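Structure, as C-alpha cells:
Keep in mind the model is a prediction, meaning the values are calculated, not measured. Lettering follows sequence order; numbering is per chain, from 1.
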There are 2 protein chains.
Amino acid sequence: MKKKNNKKNSIQDIAEALQLSPATISRVLNNHPHVHESTRSKVMTMVEQVGYKRNIMASGLRTNKTNTIGLIVPRISMFVHTEIITAIQNGLHTQGYNLIICQSNDSLEIEKDLAHTLYASRVDAVIVACTLFTSDFSHFDILTQNDIPVLFYDRVPVKPYPACIIKGDDSRGAYLATSHLIELGSRRIAYISGPMSCNIYIDRYAGFQQAMRQHGISIQQELVFYHELTVDNARKTLHKLFAREPYPDAVLCANDLTALTVLSFAKEKGMSVPQDLRIVGYSNDPRSSIVTPSITTVEQFPGRIGNVIVSEVLKLLKNGYDMAALDTTPIVTPVELIRRMST
Amino acid sequence: MKKKNNKKNSIQDIAEALQLSPATISRVLNNHPHVHESTRSKVMTMVEQVGYKRNIMASGLRTNKTNTIGLIVPRISMFVHTEIITAIQNGLHTQGYNLIICQSNDSLEIEKDLAHTLYASRVDAVIVACTLFTSDFSHFDILTQNDIPVLFYDRVPVKPYPACIIKGDDSRGAYLATSHLIELGSRRIAYISGPMSCNIYIDRYAGFQQAMRQHGISIQQELVFYHELTVDNARKTLHKLFAREPYPDAVLCANDLTALTVLSFAKEKGMSVPQDLRIVGYSNDPRSSIVTPSITTVEQFPGRIGNVIVSEVLKLLKNGYDMAALDTTPIVTPVELIRRMST
DNA sequence: TATATTTACGAAAACGTTTCAGTAAATAAA
DNA sequence: TTTATTTACTGAAACGTTTTCGTAAATATA
C-alpha cells in the first residue's frame, strides 16, 4: 500500500553503481573538462539507463540558478499578451528555461504579492507588464536588490527604474491612426483613452495630440474620455458622446475591444461605418479583422516583441547581471497602421 | 563593482540575530505548535523587518514539495485554453501555488521533453491537455511513477491511464448541435472533424452520428472530413465540398475557427447564411458572436472546467497521492448549445 | 516530596547537487 | 635520475530549510 518506490535516482546512486564519486558524475553532467573519455561514456550510459534527471531544487540551492523565469502579466487572455507570452515561452524553452506565468488581473495588490512569490521561488529573472495602476514600483525592489534582473515590457515604469525596458512605439501608433483619420477628412475626432496612470495611454494620447496639432485641429476636451477600456465603460461613454449633436465623425480607440464596442453601438444606432462614423482601434486583435466592416487598427507585432524580450533576457542572464551597468533606456519596437473598411 | 549585497536573509541570520536556533524560526514560520507566544511574536517582527522570504529551493529540497504545479497545453492562445488556464492560475494562486505553463505547440516531441523538464523541476503535480497526436502516454510515466499526480483535461487519454481525467461532454455537444440542425430542416449535413487520434473529435463524431441515426438520416462519408482544424485545411475542404452540386445545406464544424472560415467562404461564394447554408461551430470563441451573422456554437464553460481542475488537483495534493486508490473514471463537464443567427 | 507529564527550545542530520582543495598517477622537462 | 606539470579523480563542505531526537524547565499528579 505504501507508494514510495524503491528506485532512487540521485547522482550518488549513480556514483555508487559505478564506483565513482558524486563529484565526477556531476562533472560529466555539466560537461566539465578533466574527466576521462571512458568514464564519461560509462557515466552517460548509466544516466540514460536509470533515466536520471537532475534535481533542480538541489542544484538551484547550490548554484543560485533555477533556470526558471517569472512572468507577471495583467491577463493572459488579452490578445497582445497571449501572443507575446507564446513567443517568450517558445524562445525560452529552446534555451532550457522554464516560465512561471502569473496574472495580476490588473490588481496592484496581487502584483505586489506575485513579485514576492517570484522572489521566494528564486527565479533567474522576472518579466513584467504591470497593472494599469502601478505608479510606484518599489515592490520590485526585492528582486533588483537581490540581483534578480527585471524586465518591463508594454506597460513600463514612467519614472526611471533600474530595469530593462521594452515598449511599443505607442505615440507613433496613435499619431499614424490620427493622421490617417484627418487625411480622410475627419475633423471632429473623439478619442477614448485608457487611464492616464499607464504609459501606453500617455504615449498614445501624445501621438493623438501631435497629429492634431500638426494639422491645426484643436482637441476638444469634451470629445476625449479616460477610463478602463471595458465594454461597459465604452458604452457609457458612447451614450454621452451621442447624447446630442454635433456627433463626432470619427472615434479613435486606445484598444480594439473599445473599437468593437463602438462599431456595434453604431450599428444599433443605424449609423453606417465609415460613411457616418470612422472607427480606429489599437492592437490588431483578430476580432477586428472579421467584423463587418473590418476595423482599421495598429499592429504591434507581438511576436517580434516577444523575441526582443527573449534576447534581452538572455543577454542579462549570460553577461551576469550588473545593476550599475544596466542600460535603462527603453527599447522601442515598431508599429504599423493597418487600413481596413472602418475608415 | 561587485554586486553581491551584504544582507543575507536566511533563517539562520534571523536565528543569530535573536539568539535562537534555526529550528525555532522554522517552527514559527510553519505555524508549528510548542513555541512560546512571546518568541513567536519576536520572530515574526524580525521576519517582517528584514523582509525574509523562504527560499523555496531549500525547503523544496528538504520536503519534496515545491508548491509549484506544471501545466502542458498545446497553445495558450486557443480560446478555451486561455480561459481554463486563467481560472486555474487564479484558483491555484489563492492556495499558494505557482503555475509553470508550457506549450507543446501540438508537437509530441516537445510534449515529451516538457514532461521530463517538469519532472526535473519536481513540480507537485502536472496538468495536461495533450497534443492532437498523443496516443502513447508513456512519457508521463516518469511523473506517475515518481508519485507526481497527473491530471488530464479536454484532450485526454483514450486508453486507461493512471491519472485524473476531466473532459467536456463532447458527444453531447455535437449531438445537440446536430439535432438542432436537423430540427431546423437540414438533411445534407457536412461535418468537418479534427483528426480522430484525439478523444474530443472521436466523441464529437459519436454525438453527430447518434443524432443522425436517431433521426433516421444516414451519414454520407463524402460529406465528412478529418484533418487538423486550420484555416488552410478548412478552405481546401470547402473547395472539395462545393466543387459540384448537390451542396450541403448545413456544415457542422468541430471548432469555431473552422466555422468562421466556412462563413467567410460562404460570403465569398454569395451564399446567404443561414438561408442557403447553416453553420454551427464548437467552443463559443468570442469571435463567433461578433461576426455577421453570429455563429451558433457549443459553450464549454471553460471557467467552470478550470475550477473543477483546481479542486481536483488540490484534492490530490491534500490527500497525499496514492496511485492505487486513484479514481480514473473521467469527470465530465456539461456543455450547452448557443443558438445564433447562423442557423 | 517524588514522579510523571507537558512545554519550549536546541543540536544535528538530512535533502541532492556543486565545487574547492587535495592527491595519486601519469607524463613532461631538467 | 629527480623535479615539475598535467590529468583524473576523491573527500568534504556548502547551499537553506525541515524534522527527529533529546533535554531542561515548568507544571501537574500521586
Would you indicate what [X] reaches in the nucleic acid, counting non-hydrogen atoms under 4.0 angstrom: base, sugar-phosphate, or nothing?
X: A:Leu29; value: nothing
X: B:Thr24; value: sugar-phosphate
X: A:His36; value: sugar-phosphate

Side-chain N or O of [X] versus OP1/OP2 of [N]: is the shortest distance under 4.0 Å?
X: A:Ser10; N: C:dG16; value: no
X: B:Thr39; N: C:dC9; value: yes
X: A:Arg40; N: D:dA8; value: no
X: A:Arg122; N: D:dG16; value: no
X: B:Ser21; N: C:dG10; value: yes
X: B:Thr63; N: C:dC15; value: no
X: A:Asn30; N: C:dT18; value: yes
X: B:Asn55; N: D:dC15; value: no
X: A:Ser59; N: C:dT17; value: no

Atom [atom1] of [X] to atom [atom2] of [N]: distance rounded to whole Å?
X: B:Gln19; N: C:dA8; atom1: CD; atom2: P; value: 20 Å
X: A:Leu18; N: D:dA8; atom1: CG; atom2: C1'; value: 15 Å
X: B:Ile25; N: C:dG10; atom1: CD1; atom2: P; value: 8 Å
X: A:His32; N: D:dT7; atom1: NE2; atom2: C1'; value: 16 Å
X: A:Asn9; N: C:dC15; atom1: CG; atom2: P; value: 15 Å
X: A:Lys53; N: C:dC15; atom1: NZ; atom2: C1'; value: 21 Å
X: B:Ile14; N: D:dT17; atom1: CD1; atom2: P; value: 8 Å
X: A:Asn64; N: C:dT17; atom1: CG; atom2: P; value: 17 Å

Take the angle between the ring planes of B:Tyr161 and B:Phe140 and call it parallel below 30°, perpendicular above 60°, tilted in between. perpendicular
Kindly indicate whether a cation-pi arrangement holds for B:Arg155 with B:Tyr153, taking the cut-offs as under 6.0 Å to the six-membered ring centre and within 45° of the axis.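 Judged by the rule (NZ or CZ under 6.0 Å from the ring centre, within 45° of its axis), B:Arg155 is not positioned above B:Tyr153.
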State whether B:Tyr119 and B:Arg122 meet the cation-pi test: NZ (Lys) or CZ (Arg) under 6.0 Å from the six-membered ring centroid, and within 45° of the perpendicular axis.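 Satisfied, under 6.0 Å and within 45°.
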Could you check A:Gln95 against A:Lys318 for side chain to side chain contact (heavy atoms under 4.5 Å, CB included), going step by step and ending with a plain yes or no? CA-CA 11 Å; A:Gln95 304 293 317; A:Lys318 291 279 154 61; 4.3 Å; yes
State, to the nearest 10°, the angle formed by the axis through the first five base pairs of the helix from C:dT1-D:dA30 to C:dA30-D:dT1 and the axis through its last five. 50°
When rounded to the nearest 0.5 angstrom, what distance separates CD1 in B:Ile14 from CG in B:Leu29? 6.5 Å
Measuring from the side chain of B:Leu61 (C-beta onward, heavy atoms only), which nucleotide among D:dT10, D:dC15, C:dC15 has the closest atom? C:dC15
Out of D:dG11, C:dC9, C:dA14, which nucleotide sits closest to the side chain of A:Ala23?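 Closest nucleotide to the A:Ala23 side chain: D:dG11.
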Heavy-atom nearest nucleotide on DNA chain C for B:His34 versus B:Arg62: which residue maps closer to 5'?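 Comparing both residues, the 5'-ward one is B:His34.
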Check whether any side-chain heavy atom of A:Thr117 lies under 4.5 Å from a side-chain heavy atom of A:Cys102, and answer yes or no.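 A:Thr117 vs A:Cys102: side chains apart.
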Quick one: does B:His139's side chain get under 4.5 Å of B:Leu108's, heavy atoms only? yes
Let's test your reading of the model: under 3.5 Å, does the base of C:dG10 pair with the side chain of B:Arg27 as donor and acceptor? yes
For A:Ser138 and A:Asp136, test the side chains for any donor-to-acceptor distance below 3.5 angstrom and give the result as yes or no. yes
